Amino acid sequence: MRKLTIPQVKELVAARAVPSVSIYASGEAAGGSDRARLRALFRRASDMLAPSLARAEVDALLTPLAERAREAWPRARSVALLGSPGVAAAFALPTDVPEVAVVASTFHTKPLVTLLDGGETFVVLALGDGAARLYDATPGALVRSERRIPAARGTSPAAREAWHRALDAALRSHVRDTEELVVLAGAREQRSAFRAATRYPGVLDEGIECDLGQVHVRDLLAPARVIVRAHRADVESAAAARYLAAVEAGCATDDLAAVARAAAAGRVQLLVHRRGDHLWGRLDATSGACILRTGEPRAGDADVIDDLCELVLLHGGDVVEVAAERMPSGAPVAAVVRRALPLAPRRRYDRRRSEAVAP
């Protein structure tokens, strides 16, 4: 399974073509064991395209995606199919994502961003006495990398230093386009020596104490996942604490209209949003006005949370997806903003109500 990379997602985020079709299906649906679900998603996309495109144009847009869906998807839990004029991309995802068909002016990329940033995929570097192994983590296993990993050429301090430099170069090359977190496994002194030598900031402080010659690779996955999830929880908790401190200082809001207005103006310093939530509708990237809808997305609708994240990142702000239990607000999105922005009063958010929100 080819890794999803940050440049790929950035390219999809930047692509703005009308229409842009995003279909997310389970691995079973794409793999052929549950074709009815896949056909239903394509039918929904076709129905949303039909009012604005001729039948031949709809077929030209969806047929390449259908062909990609019929490919073999070994070990894929989900499949992302993204198409627009000139684009027909498909990605095997190692995690489950909600099945949905979206037709809008931009691709629905939040599931891909979540996968890259959520800690479900990471790397384990197992260090031994002059040897090392590199593994990619999937939800069910550690898969040994095909990348050549250098071995130490001697035991002198100079040889060890040279080995660590070569090992660091191999690791950074491996994670260059994914920026994945790295968990070190091995004896404490081996982990400490490499951590001091590496220039990759994604190497976590906590590691797994083990003897590379005695441990089986399957025994590394569970403790590594615990370490990565604890790190992710710390990141989310820090973002939540930052938001709550900003609330006390009067420069934070969870009112959607105020958040959207601030994002459009480039005044959001930090956006936190609750994992798994969607707000289907439309967002004006210039004014911040948005329209929300209930139920499944209609033609032209996008995930407003997705669009808000893109706006904040475009203007240099930070975005953190937060688990429901760590979300610092009852609303699905909340923001730390610059003081210059007049804030609307906080209000109770009612997801069941379809509403138009304007500045």
Side-chain angles (χ1 to χ4, degrees), residues 6 9-10 13 95 97-98 106 108-121 179-181 201-202 228-281 283 285 288-290 292 302-351 355 357 359:
I6 289 174
V9 174
K10 286 183 176 179
V13 168
T95 58
V97 299
T106 59
H108 178 46
T109 58
K110 187 148 64 72
L112 305 182
V113 174
T114 297
L115 176 62
L116 286 174
D117 194 43
E120 289 302 315
T121 60
E179 298 182 8
E180 291 174 310
L181 297 175
V228 170
R229 287 179 174 172
H231 170 79
R232 181 63 198 181
D234 288 343
V235 170
E236 295 176 14
S237 297
R242 182 179 168 188
Y243 170 78
L244 293 174
V247 169
E248 295 299 319
C251 52
T253 182
D254 62 0
D255 176 79
L256 180 61
V259 172
R261 188 168 61 243
R267 292 178 173 174
V268 173
Q269 296 176 329
L270 170 67
L271 182 78
V272 292
H273 63 99
R274 188 165 52 218
R275 183 169 300 129
D277 274 17
H278 301 281
L279 294 177
W280 299 114
L283 172 70
C290 57
L292 301 186
D303 184 353
V304 172
I305 297 177
D306 204 351
D307 288 347
L308 286 172
C309 292
E310 292 177 10
L311 271 179
V312 172
L313 292 173
L314 179 65
H315 289 292
D318 297 324
V319 174
V320 179
E321 186 179 55
V322 176
E325 64 271 19
R326 286 186 285 274
M327 184 67 186
S329 164
V333 293
V336 177
V337 299
R338 293 180 176 85
R339 287 181 180 274
L341 178 69
L343 300 181
R346 299 179 73 195
R347 68 181 182 187
R348 181 173 180 146
Y349 178 79
D350 186 352
R351 181 169 189 158
E355 59 180 333
V357 183

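None of these values were measured; they are calculated from a predicted model. Index from 1, following the sequence.
- Taking the side chain as every heavy atom from C-beta outward, V304 and V333 never approach each other to under 4.5 Å.
- Remark: the backbone N or O of W280 is not paired with any side-chain donor or acceptor of D303 at under 3.5 angstrom.
- Between atom CG of residue D318 and atom CD of residue Q269 there is a gap of 9.0 Å, rounded to the nearest 0.5 Å.
- Across every non-hydrogen atom of D277 and P332, the tightest pair is OD2-CB, 3.3 Å.
- In terms of heavy atoms, G288 sits closest to A260 at O-CB, 3.1 Å.
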L256 vs L308, test: side chain to side chain contact (heavy atoms under 4.5 Å, CB included). Steps then yes/no. CA-CA 10 Å; L256 180 61; L308 286 172; 4.0 Å; yes

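- The main-chain N or O of G266 is found under 3.5 Å from a side-chain atom of R338 such that the two form a donor-acceptor pair.
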Stepwise, does the side chain to side chain contact (heavy atoms under 4.5 Å, CB included) test hold for L311 with L283? CA-CA 10 Å; L311 271 179; L283 172 70; 3.8 Å; yes

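- Separation of atoms NE2 (H273) and SG (C309) is listed at 3.5 Å; rounding is to 0.5 Å.
- Residues A335 and V259 approach most closely at CB-CG2, 4.0 Å, considering heavy atoms.
- D117 places no side-chain N or O within donor-acceptor distance of the main-chain N or O of V320, the cut-off being under 3.5 Å.
- When all heavy atoms are compared, the tightest approach of S329 to A334 is CB-CB, 4.3 Å.
- Closest non-hydrogen pair, V336 versus Y243, comes out as CG2-CA, 3.7 Å.
- Under the side chain to side chain contact (heavy atoms under 4.5 Å, CB included) test applied with E236, the options R275, H231, E321 reduce to a single match, R275.
- The NZ atom of K110 sits 10.5 Å away from atom CG of D307, with the distance rounded to the nearest 0.5 Å.
- Within the 3.5 Å criterion, the main-chain N or O of H108 finds no donor-acceptor partner in the side chain of D306.
- Pairing each heavy atom of A252 with each of V337, the nearest pair is N-CG2, 4.3 Å.
- Without hydrogens or angle criteria, R267 side chain to R261 main chain gives no donor-acceptor distance under 3.5 Å.
- Between R326 atom CZ and D234 atom CG the span is 8.5 Å, to the nearest 0.5 Å.
- Interatomic distance, T109 OG1 to L115 CG, rounded to the nearest 0.5 Å: 12.0 Å.
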